[in-house]
Structures are given as C-alpha cells and as structure tokens.
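In listed order, ligands and their atoms are each counted from 1.
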Amino acid sequence: MLQKDLHQAESIPDEARAYIDALLTSGDLFRYHAAKDAPVTLLEQEFAALLGAKYALAVASCSAALFLSLRALDLPRDAKVLIPAFTFAAVPSAVVHANCTPVLVEVAENYRIDMADFEAKCTDDIQAVLISHMRGHTSDMDQIKALCDAKDIPLIEDAAHSLGTTWNGQNIGTIGKVGCFSFQSYKMINGGEGGILITDDDDIIARCVIMSGAYESNWQKHGVNCNTFAKYQNELPLYNTRMSNLSAAVIRPQLPQLQRRIEDGLRNHDLMAEMLNASPHLSVPAPLAPERRAPDSIQFNLVDFSDDEAHSLMRNASEHGVKLSVFGLHSGNARAFWNWKFLGETPDLPQTKAMLMRACDVRLPTTLTVDQVKMVTDIILSSVNQVKHSKAA
Ligand SMILES: *Cc1c(COP(=O)(O)O)cnc(C)c1O
C-alpha cells in the first residue's frame, strides 16, 4: 500500500508568509490599489523574464487567459478555431465563451496531434489555431507553426501543463502569438487558482490587459511601455478576470523552484517510463526529438486489454493507493471529447477515441523520491500482472 497521497500538494515556500503578512497589514489586495509594483505586476515582470517574452498578464485562470487571447484576435462571431480533441473541457469552453466554434482534430496514440488530420482540417475558413499541449505532451510545433504562418492563421498555445517544457530549446508558450499557463493547484506552480498569458505583440497585450479589467487608465499601472494601450481605453468590454495580490504572493516565491521541479519531474517520469515499458502489457510513448518535457504526471497505453481488464486494473491499483484512470473509461471524464455535451453534437473521432479508451493517467508529483517512484511503479506493474495472469490462468 502506497503511503504517499499522489494528489497532495507541495508546501508553499516560506517567503510567501512575509509577502502575505505585508498584504494583510496594508489591505492592498487589489492589483490596482498601488500606483506601481503591486505583487501581481511584479509576478508579470518576473514571469515574462523567466520565459523570455516581452509581456505577461496575470489573470484568474488559464481558461480566462485562453478566452482573452481569442477575444484579442478580434475574430468574427462563429469563427472556426482548430483545437486538439484530446484536451481538458475548459479549452473548448473558452472557445465557445469567445463566441467561436471549435473544430476538433484527431490525436494519435502518442497523445500528440495527428498532423495529417490537422492539415486536412486547416482549411481556408479556419481563423485561429489553439494548440493544447495536453498533459504537457508537445505536438509537432515546427509543422504546426509553418502551416499557420503559411496561411497567416494566428496560433495560440495552451501551455497550462507545459511550464518548463522546451521545443528545440525554445520555451513552450513562446512559439505561438500568445502562450497561456495555469497556476491551478495541479500544475507545476500552485496558486490555488490563477493563470497568465505571455506575448510579444503590442496590440494583443493592450487588448488583453484592458479586457481583463484594467478600467479607466489602470493600464498605466502595468509598468510596461506599450503606447498602444491608450487607443483601446473604453473601446473594449471589461471581463474583470484579474488576479488578486494574494495569489501573486503565493506564486512568486515558487518561481525560483521551477527548475528543480522540472528536473525532478523529468527524472521521476523517465525512470517510471523505462520500467513500465519493460512490461509487454504497457507502452509509454516517447517524446518527440525536439522536445524536453517537464512532466508532473505520466500517461501510458494498455496493450491488448479489454474494457473489463482495464476496469480491473484501475480497481487493483486504487486498492493499493495509486489512482490510475483510463481517460475514456472513467465516466464523465472532462478530458473525453464525447462528454463535451455543451458543444451540441460532438464529431466522430475514432483515433482519439481509441487512444482515450486505453490511455492511463497517473499523477507523479515532482516531490516524489526515487524510492517512491519505484513503489508506485511496482504497484502499477503488479496490478497489471494480476489482471493479465489471472486471465491466462
Ligand atoms: C489545467 C488546464 C487548463 C485549465 O486551466 P485553469 O487555470 O484551471 O483554467 C487548460 N488546459 C490544460 C491543458 C490544462 O491542463
């Protein structure tokens, strides 16, 4: 029985206490109380510098960041936006919220976008592409970027689960016009809730800042020199989805820990992947060559399992303290596209569906020690053997 709870968070660095204490004393919880250097503004500056982007805007969630990014593109109503069919329900939701229509692209057994289907669906009526790097798996960004550039289609990256991942050495989130990240507790940096977008585009940042809720001349408190802000003042709706200074106080002291979390997460993941791949019943897809991952979970496929066997595996692992879920077998899973009933009719996507019916998801907190990773792996492997051998007997 595993003694460690795989859903338990890591404690917040001690420095946060001093930041929060100062906020409790001053009462300055609103980002626009102070004329400058509010904790949210400092977080934006630090995050932009960390990722190598010109601008950052911190907001209430990654979903809000995706919504604002789409709104900032000024697309016509019902514009078609390509998204992968393997993502979290919040992604098609952000598209719908922005009055656009998501077009779902098939995802392959390796959790990455099927490029043949992407090319086929990237027709002239597509007005934006939103790539969701689901569970931190990076699709072929060279091809995607080239196709978008050739057709002059704006590219947005949902990098909610990819903070620290690189592609040819470049930070994920800086390849598209906008990159959106999450600080929800299950992501690399835990703010409870929160999101941030990065961009180098003067118009996009000005539009996003104002729509996030920089009413009147509050855009002046962002400490960035972007002279396009003034032209949008009062020209755009205010969606008021700002970040509070309290969230920034919790998030900022975690930024210096990011590198350690990335390295430990990758070590844990790769160690487990190697051990799981030794089983003939499991397959962990390899990363793409240009990709350096920053995982805090692992995904792997069941080889030749029936639905019943997959259900038994989930039960066995859970009895030993490891929550293992097969995306498509866990009823109502928000990552299975057929459950996105708010879209109306969902398309038939046999390839993505087949993947979701056999792809397992296990959290792998970056705080796990090598011994704990081995214990989790042993539980998974013995649960698999129990299912497969009891069958053979
Ligand atoms: C978590 C997540 C989101 C949503 O992030 P929120 O900050 O909770 O809105 C979107 N996309 C992916 C890939 C995610 O992992």
Next on the checklist: Looking at Arg207 and Asp74, is there a salt bridge between them, counting it only when a charged N and a carboxylate O are closer than 4.0 Å?
Outcome noted: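 Answer for the salt bridge query: yes.
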Checklist outcome for this item: d(Ile210 CD1, Leu238 CG) to nearest 0.5 Å is 8.5 Å
Item to check | Within 45° cone of Phe327 ring axis and under 6.0 Å: Arg335 NZ or CZ | outcome: no
Item to check | Arg252 charged N/C atom sitting above Tyr19 aromatic ring, 6.0 Å / 45° | outcome: yes
Can you sort out which atoms of ligand 1 are near [X], meaning under 4.0 Å from one of its heavy atoms?
X      : result
Ser132 : 13 (C)
Cys62  : 5 (O), 6 (P), 7 (O), 9 (O)
Val91  : 10 (C), 11 (N)
Ser61  : 7 (O), 9 (O)

Checklist entry - For ligand 1, which part of Leu66 has a heavy atom less than 4.0 Å away: the side chain, the backbone, both, or neither? => result neither
Checklist entry - Has the side chain of Ser279 got a donor or acceptor atom that lies under 3.5 Å from a matching backbone atom of His281? => result yes
Checklist entry - Going by distance only, is there an N or O of Thr87 that falls short of 3.5 Å from an N or O of ligand 1? => result no
Next on the checklist: With nothing but distance in play, are any N or O atoms of Asp158 less than 3.5 Å from an N or O of ligand 1?
Outcome noted: yes
Checklist entry - Are side-chain heavy atoms of His133 and Glu157 found at a separation under 4.5 Å? => result yes
Checklist entry - Which option, Gly194, Ala334, Ser182, owns the non-hydrogen atom nearest atom 6 (P) of ligand 1? => result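 Of the listed residues, Ser182 has the closest heavy atom.
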Item to check | Closest candidate by heavy atom, reference atom 14 (C) of ligand 1, pool Lys187, His161, His137, Met134 | outcome: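 Nearest heavy atom to atom 14 (C) of ligand 1 lies in Lys187.
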Next on the checklist: Parallel, tilted or perpendicular, judged at 30° and 60°: which one describes the rings of Phe229 and Trp219?
Outcome noted: parallel
Next on the checklist: Return the closest protein heavy atom for atom 9 (O) of ligand 1 as residue, atom name and distance.
Outcome noted: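 Going atom by atom, the protein heavy atom closest to atom 9 (O) of ligand 1 ends up being Ser63 OG, 2.6 Å.
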